[in-house]
2 protein chains.
Amino acid sequence: MTPNTLNSESLAQKLAHSGLRNTPQREVVYTALLTKRDHPTADEVHARVRADLPTISLATVYNCLETLVQCDLVRAVNFERGPTRYCPNLAPHAHFHDEATGATFDIDLPTGLISKIKDVLPPGYDADAIDIIFRGKTTATR
Amino acid sequence: MTPNTLNSESLAQKLAHSGLRNTPQREVVYTALLTKRDHPTADEVHARVRADLPTISLATVYNCLETLVQCDLVRAVNFERGPTRYCPNLAPHAHFHDEATGATFDIDLPTGLISKIKDVLPPGYDADAIDIIFRGKTTATR
DNA sequence: GACTAGAGTTAGAATAATTCCAAACTCCAC
DNA sequence: GTGGAGTTTGGAATTATTCTAACTCTAGTC
Ligand SMILES: [Mn+2]
Ligand SMILES: [Mn+2]
Ligand SMILES: [Zn+2]
Ligand SMILES: [Zn+2]
């Protein structure tokens, strides 16, 4: 079983679970996100998937990305004005945005920290998700 | 010394510090943010300040907000696609976004927690700001 | 007190990202 | 094979923001 097969299966499964079909467009979009995990925009995804599916439209890329987000296969990320970015990393993680280069990196979060952060919420606030964005510069070892 | 005078002074000071003038437009925009701290959009600010300055344009509201952000009197907040929101709370704080109502609340952050969060950054990542957004529902006591 | 250069404001045009729409297409289940 | 839901597509529409060029104000300078 290749990683690719595995991805296809998990994609097909999750789509089926939501009563949706597995289409070539949805596959190439999802594969593009898994292949280069640099938090691309819809436009960037469009450019990449055209290599595989030259006739795919930008509207379809938006549709597929939205579908993947609905199926919890992909996270939509917004940390500044500008195009939404997409991330296939399902593990709880924060994002580091390098202001100099514009690059975005995943930062793993220890599970303990998340509950510690939730502790700052006063009673009456019930969070089901936390987004953490670091902004700064990266140096040397990357 | 009224709070209003105090605000005007700190505004005038910070503007002067950046070599900028204190204009009626900048004052009403800043005052609007301080008066109702509900993280309004530029459009909402525009609607509010028109009561004081009926001829102010939306472009000017955008200009003033940008100026206030540059002067570190106001934070621009983006946690989802949609208009940028503005926050005059200068203390380190997180945001709680109520998905049901769309309302955004400030959540104070103990200083210790911030450095604890920064500890998760691997070497080579140097963050000069952290944004934390909670998403969920608020109940009862608000 | 008028003069001027630069800073600030304004309305409207332009841009960028996304969503909407209606038509064409695909895939099964019957 | 047909019908119908689900999907894709190109282009129009929408939304938020930025740009532009003209106008206005203000702080010095004479
Ligand atoms: Mn950036
Ligand atoms: Mn919302
Ligand atoms: Zn990510
Ligand atoms: Zn705030």
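Atom set for the values below is all heavy atoms of this structure, side chains included, hydrogens, waters and symmetry mates excluded.
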Rounded distance in Å - [atom1] ([X]) to [atom2] ([N]):
X	N	atom1	atom2	answer
Leu68(A)	dT7(D)	CG	C1'	14 Å
Leu15(B)	dT26(D)	CG	P	15 Å
Arg50(A)	dG10(D)	CZ	C1'	12 Å
His46(A)	dT18(C)	NE2	C1'	14 Å
Tyr62(A)	dC20(C)	OH	P	13 Å

Heavy-atom closest pair, residues [X] and [Y]:
X	Y	answer
Lys137(B)	Phe96(B)	O-CZ, 3.6 Å
Ser57(A)	His46(A)	C-NE2, 3.6 Å
Val45(B)	Val61(B)	CG1-CG1, 3.8 Å

Task: From CG (Leu11(A)) to CG (Leu68(A)), nearest 0.5 Å - done: 6.5 Å
- [ ] For the pair Arg85(B) and Glu44(B), find out whether any cationic side-chain nitrogen is under 4.0 Å from an anionic carboxylate oxygen.
- [x]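 Here Arg85(B) pairs with Glu44(B) in a salt bridge, since their nearest N and O are under 4.0 Å apart.
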Do side-chain atoms of [X] reach the backbone of [Y] as a donor and acceptor pair under 3.5 angstrom?
X	Y	answer
Asp126(A)	Gly136(B)	no
Arg26(A)	Thr67(A)	no
Ser18(A)	Leu20(A)	no

Task: Residues from residues 75-85 of chain A lying under 4.0 Å of DNA chain C - heavy atoms - done: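 Those residues are Pro83(A), Thr84(A).
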Open item on the list: Strictly under 4.0 angstrom, non-hydrogen atoms only: write out the protein contact profile of nucleotides 5-12 of chain C, one letter per nucleotide from the 5' end, B, S or -.
Closed with: -BSSSBB-
